[in-house]
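Following: one structure in structure tokens, then a few remarks.
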Amino acid sequence: MTKFPKDFLWGGATAAHQVEGGFNEGGKGLSVSDVYTFDNSLPKEKWTDQWHLMTHAQVEEARNPDSKKYYPKRYGNDFYHHYKEDIALFAEMGFKCYRTSIAWTRIFPNGDESTPNEAGLAFYDKIFDELLKYGIEPVVSLSHYEMPLHLATEYGGWPNRQLIDFYVKFATTVFERYKDKVKFWLTFNEINCVKHHPYVSIGVIEENHPNIEQAKYQGAHHQFIASALATKACHQIIPNSKVGCMISYQLLIPYSCNPDDVQKTVESQRSSLFFSDVQARGYYPAYTKRMFEEKGVVLETEVGDEEILRQYPVDFISFSYYMSSAISAHPENLENAEGNLITGGIKNPYLPSSEWGWQIDPKGLRIALNQLYDRYQKPLFIAENGLGAVDKIEEDGTIQDDYRIDYLRQHIEQMQEAIHDGVDLFGYTSWGCIDIVSASTSQMSKRYGYIYVDQDDEGNGTKERRKKKSFDWYKNVIATNGEAL
Ligand code: BGP
């Protein structure tokens, strides 16, 4: 079996808003994720609607300190107070890198201040120093669904071009502060998720938004410019830095060989890769014109935008991979097919699903790696991959998460196949290396970690950390550089 490169970056991933807690400590302001509410008691058919909306009413309730509603993202797993213990556990597993994000609102609480919050900067100094003490490389996302709420409510989020300056100010502030500690940076987490999580870039979305597609792509244009300017600044401030884009990648498969299914699948996959196309190639692809016509999008750009995009593309492509989905052009004609509630596609009868309906397709990862490498010819980094599952504590106190080991083993085997195919893959950070709050459902019970955290969906628990069976398994994977699976 093919060996992994000797300096392969094995590690784990989290995000500030899902792991840290301390939402109102150290001068931190509220981000859109701190007020995002999700009612997971609703039937799964209602879940997608919730992802599309974040109303002013929800925001006002969340701002209300006396609100009785529980906002799990604010509490994470309390990494804010447990980071030394947690990073020591990552080091025990032998992590070569650790991916997380800097909460924008710890550095600029409202996002439009002229001077940064020193307490926030000092917090991440401590995190990065702790990581480097063990020789663990930080891989840092600048914005992981964590736009300051103030920029959403007072400026309308990314559709407002002023956000470019606020973001570049934030980026250059942290590049300067951490230039001797961090060299791997990701500009926006899952930048293509604005398609189904518009609150992450637009912020407050009422049901009757005048033109949501225009807002999504105008906001994306400003993010593309911001990403390019951040890439420029990063290379100037941190000479040996590497900047990546980050997309959510679902392999899309035609449900049948009907040419209509094939065409719809090609269009759907391309509409998702549109975001990495612009960031990695440095220009809008030829298919943009027709795609925007069909969506009713007319971009407002400024002189110089094209040049900025062309001059400062990203250095590498990072992506999350959890699942694949089958696409049918005529789902209404399918008698016994079952809809995939998560992706809006069709359930693939050849694949198992997780308890949350995510279709498990390890072979799809090999296809994804080859497709992305063929498309961009830039180094690849898997920034997220993992299995959200309900873990059970046995009588003897152990957690036998063989299902998670199987999931990860199968995906790592496909990474080896892709490397054998010639793909330049330089790192892998499995998602949720420690139990954290789910982004889409706000549940703690959707556990991904090698480390169990005693906390339930309402935030109750001792926060005690406990190694699962997968902890020693992954430790051995890293120790043998992927040979022992
Ligand atoms: C990705 C996000 C991560 C993480 C992951 C798992 O879309 O980038 O933040 O949340 O999905 O999804 P979930 O937490 O909803 O199970």
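Read the numbers this way: they start at 1 and go in the same order the structure lists the ligands and their atoms.
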Subset of ligand 1 atoms that lie under 4.0 Å from at least one heavy atom of N189: 8 (O)
Are the charged groups of K467 and D472 less than 4.0 angstrom apart, N to O? no
A student checking ligand 1 against K446 at a 4.0 Å heavy-atom cut-off should list atoms 13 (P), 16 (O)
With a heavy-atom distance limit of 4.0 Å, tell me whether F319 approaches ligand 1 through its side chain, its backbone, both, or neither. neither
Contact between Q443 and ligand 1, counting heavy atoms under 4.0 Å? no
To check you understand the geometry: which heavy-atom pair defines the closest contact between G459 and Y70, and what is its length? CA-OH, 3.0 Å
How long is the span from the CG atom in D457 to the OG1 atom in T441, to the nearest 0.5 Å? 7.5 Å
Nearest protein heavy atom with distance in Å, relative to atom 7 (O) of ligand 1: E190 OE1, 2.5 Å
For E384, is at least one N or O under 3.5 Å away from an N or O on ligand 1? yes
Of all the atoms in ligand 1, which lie at a distance below 4.0 Å from a heavy atom belonging to Y448? 6 (C), 12 (O), 13 (P), 16 (O)
Check the orientation of Y75 and F23. Use parallel for under 30°, tilted for 30 to 60°, and perpendicular for over 60°. perpendicular
Candidates S141, S101, S33, S31 - the one meeting side chain to side chain donor-acceptor pair (under 3.5 Å) with E146: S101
Check the angle between the aromatic planes of Y98 and F90 and answer parallel, tilted or perpendicular using the 30° and 60° thresholds. tilted
Find all atoms of ligand 1 within a distance of less than 4.0 Å from any non-hydrogen atom belonging to Y145, and give their numbers and elements. 7 (O)
If I apply the N/O under 3.5 Å rule, does V437 come out as touching ligand 1? no
Considering non-hydrogen atoms of the protein only, which is the closest contact for atom 14 (O) of ligand 1, and what is the distance? A439 N, 2.7 Å
Using a plain distance cutoff, I'd like to know if S440 has any nitrogen or oxygen under 3.5 Å from a nitrogen or oxygen of ligand 1. yes
Between F123 and R106, is there a cation-pi geometry (under 6.0 Å to ring centre, at most 45° from the normal)? yes
Please determine whether a side-chain nitrogen of the Lys or Arg among K363 and E417 lies less than 4.0 Å from a carboxylate oxygen of the Asp or Glu. no
Salt bridge D454-R466, side-chain N to carboxylate O under 4.0 Å: no
For ligand 1, is there an atom lying under 4.0 Å from some heavy atom of Y322? yes
Kindly confirm or rule out an N or O of S438 lying under 3.5 angstrom from an N or O of ligand 1. yes
Within a strict 4.5 Å, meaning less than it, do heavy atoms of the I102 and F128 side chains meet? yes
Run the numbers for me: atoms of ligand 1, each under 4.0 Å from some heavy atom of Q18, listed by number. 3 (C), 4 (C), 9 (O), 10 (O), 14 (O)
Nearest-contact summary for atom 12 (O) of ligand 1 - protein heavy atom, Å: W358 CH2, 3.3 Å
